[in-house]
2 protein chains.
Amino acid sequence: MKVRRQSIIVETIQRQRVRSQEQLRRLLRAAGFDVTQATLSRDIRELGLVKGGADRAYQPPAPTAANGNAAALLNRAVAEYLTRVARVQQFVILRTGPGQAPLLGVALDGARLPELVGTIAGDDTILAVAPDVRRARALVKRLERLSRP
Amino acid sequence: MKVRRQSIIVETIQRQRVRSQEQLRRLLRAAGFDVTQATLSRDIRELGLVKGGADRAYQPPAPTAANGNAAALLNRAVAEYLTRVARVQQFVILRTGPGQAPLLGVALDGARLPELVGTIAGDDTILAVAPDVRRARALVKRLERLSRP
DNA sequence: ACAGGCCATGTATAAATATTCTCTTTTCGG
DNA sequence: CCGAAAAGAGAATATTTATACATGGCCTGT
């Protein structure tokens, strides 16, 4: 599955310096994903990864980069990954498929929602923190609207 | 002359989408700097510019790492990584650039602050737990002082 | 069951980027 | 002021990345 592979890609580049798509390809092969460089080029674009900096390695997207279309990104991420939502006080728990939480988390953070203070993403669960109960409720509503348009 | 050219490069990529070094070369030539692609490749590395994201254009740098001892380390970690702080009851949410949260988290833990019970660091977010609201407020104040000396 | 669309991906190749090697210029320690 | 060493940059080339095109697998509506 593409999504699964992409989430491994994100983890991989955070764990070590990856300086070329060939290198990434070898790492993924070791993890059981055998794809070509062309596919990785596409994955990297879809993930919004960025390459450069002092060590010319791949990095997660810069926080400022995606702001224009951040809303659209969130929209797609929610539609694609979100499976369940629950609220506990001013916290909102979001569930996704395995390995998808970081992707949704990035999209949530990028959108800079006023009812969202921050998120912590595990493998398939995200803890989202709202400023207060009222805005936590608002966040749940927004997510539900996004996931069933 | 290199310095001047590099500062023009930064301005240029902030003003418009630049998707290749050749394109950048033409833009610089129009501004009176005639250099080869090889030179731009070096400039881009020295500036720490990054290429990618949805539009595969060049972008300004993402910050990097440092080290030292406990309090000084926290000081520098906060100055370098912390981008936003918010308090919710006795919790404090700290935001950093992507992948930087663990670094700041380690620095926070190492500093053994009296107003800090513990932290959980995700990718770019830290949940810091204070003993009570009063000390959470104090923690926010301390962080704000550290980040803007 | 079948035709028509999508996707996801591979293959081959074009385009972009990094690097090696070389030369020139600048800087610095006597 | 001299010579060595470092810095800056171009030309050629190696490496890396993006893309045009092709294929096969699924859906969906008929």
Side-chain angles (χ1 to χ4, degrees), chain A residues 1-10 12-13 16-62 65-66 69 72-73 75-81 96-100 103 107 148-149, chain B residues 1-10 12-13 16-62 64:
Chain A
M1 174 59 131
K2 185 167 76 153
V3 170
R4 181 89 206 184
R5 181 184 65 236
Q6 291 185 344
S7 84
I8 302 284
I9 290 174
V10 172
T12 302
I13 64 154
Q16 64 195 273
R17 295 274 173 283
V18 177
R19 296 169 58 114
S20 79
Q21 294 174 8
E22 266 307 304
Q23 181 190 355
L24 182 57
R25 196 174 72 79
R26 288 192 294 273
L27 292 168
L28 287 178
R29 186 141 39 86
F33 294 88
D34 200 347
V35 293
T36 59
Q37 170 266 322
T39 296
L40 295 182
S41 174
R42 295 173 186 122
D43 284 344
I44 282 165
R45 169 164 51 202
E46 285 166 27
L47 290 169
L49 300 188
V50 117
K51 186 191 181 189
D55 61 359
R56 295 211 215 256
Y58 283 100
Q59 304 165 34
N69 54 353
L73 273 176
N75 212 313
R76 267 194 303 147
V78 167
E80 182 146 13
Y81 306 133
T96 69
Q100 300 175 353
L103 301 170
R148 303 184 294 255
Chain B
M1 202 74 311
K2 184 167 74 155
V3 171
R4 181 165 230 93
R5 182 183 64 235
Q6 291 186 343
S7 84
I8 302 284
I9 289 174
V10 172
T12 302
I13 65 155
Q16 63 195 274
R17 281 232 211 323
V18 178
R19 297 169 58 114
S20 80
Q21 294 176 7
E22 266 308 303
Q23 180 190 356
L24 182 58
R25 197 174 71 80
R26 288 191 293 274
L27 292 168
L28 288 178
R29 186 141 39 86
F33 294 89
D34 199 347
V35 293
T36 59
Q37 171 267 323
T39 296
L40 295 182
S41 174
R42 295 175 186 120
D43 283 345
I44 282 165
R45 169 191 227 137
E46 284 166 27
L47 289 168
L49 300 187
V50 116
K51 187 191 182 188
D55 61 358
R56 286 186 165 158
Y58 283 100
Q59 301 165 35
T64 34

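Convention: sequence-line order gives letters A, B, ...; per-chain numbering from 1.
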| request: Give A:S41 one of three labels, base, sugar-phosphate or nothing, depending on what nucleic acid heavy atoms sit under 4.0 Å from its own. | output: base

| request: Give a yes or no answer on whether the side chain of B:T12 reaches the backbone of B:I8 with a donor-acceptor pair at less than 3.5 Å. | output: yes

| task | Compare side-chain N and O positions of B:R45 against OP1 and OP2 of C:dT19 and report whether any pair is under 4.0 Å apart. | result | yes

| Counting N and O atoms only, with roles assigned by atom type, does the side chain of A:Q23 sit under 3.5 Å from a partner on the main chain of A:R17, one being a donor and the other an acceptor? | yes

| task | Would you indicate what A:R25 reaches in the nucleic acid, counting non-hydrogen atoms under 4.0 angstrom: base, sugar-phosphate, or nothing? | result | nothing

| request: Given side-chain contact (heavy atoms from CB on, under 4.5 Å), test A:L49 with A:Q59 step by step and report yes or no. | output: CA-CA 6 Å; A:L49 300 188; A:Q59 304 165 34; over 6 Å; no

| request: Verify side-chain contact (heavy atoms from CB on, under 4.5 Å) between A:E22 and A:L40, making sure each step is shown before the conclusion. | output: CA-CA 9 Å; A:E22 266 307 304; A:L40 295 182; over 6 Å; no

| note | note: A:Q6, atom CD; C:dC7, atom C1'; distance rounded to Å ~ 13 Å

| message | On the nucleotide D:dT16, are OP1 or OP2 found under 4.0 Å from the side-chain N or O atoms that A:R56 carries? | response | no

| said: So does A:R19 get a backbone contact from the side chain of A:K51, meaning a donor-acceptor N/O pair under 3.5 Å? | reply: yes

| query | Between B:I13, B:V50, B:L24, which is the residue that forms a side-chain contact (heavy atoms from CB on, under 4.5 Å) with B:Y58? | reply | B:I13

| Please give, in whole Å, the distance from D:dT17 C1' to A:L49 CG? | 14 Å

| message | What contact category does B:D34 fall into here, base, sugar-phosphate, or nothing, at under 4.0 angstrom with non-hydrogen atoms? | response | sugar-phosphate

| field | Presence of donor-acceptor pair under 3.5 Å, side chain of A:R42 and base of C:dG10 | value | yes

Write down the protein N/O and nucleotide N/O pairs, taken from nucleotides 13-16 of chain C, whose separation is under 3.5 Å; answer none if there are no such pairs.
unit_1 : atom_1 : unit_2 : atom_2 : d
C:dA16 : O3'    : B:K51  : NZ     : 3.3

| said: Could you tell me how far apart A:L40 (CG) and C:dG10 (C1') are, to the nearest whole angstrom? | reply: 12 Å

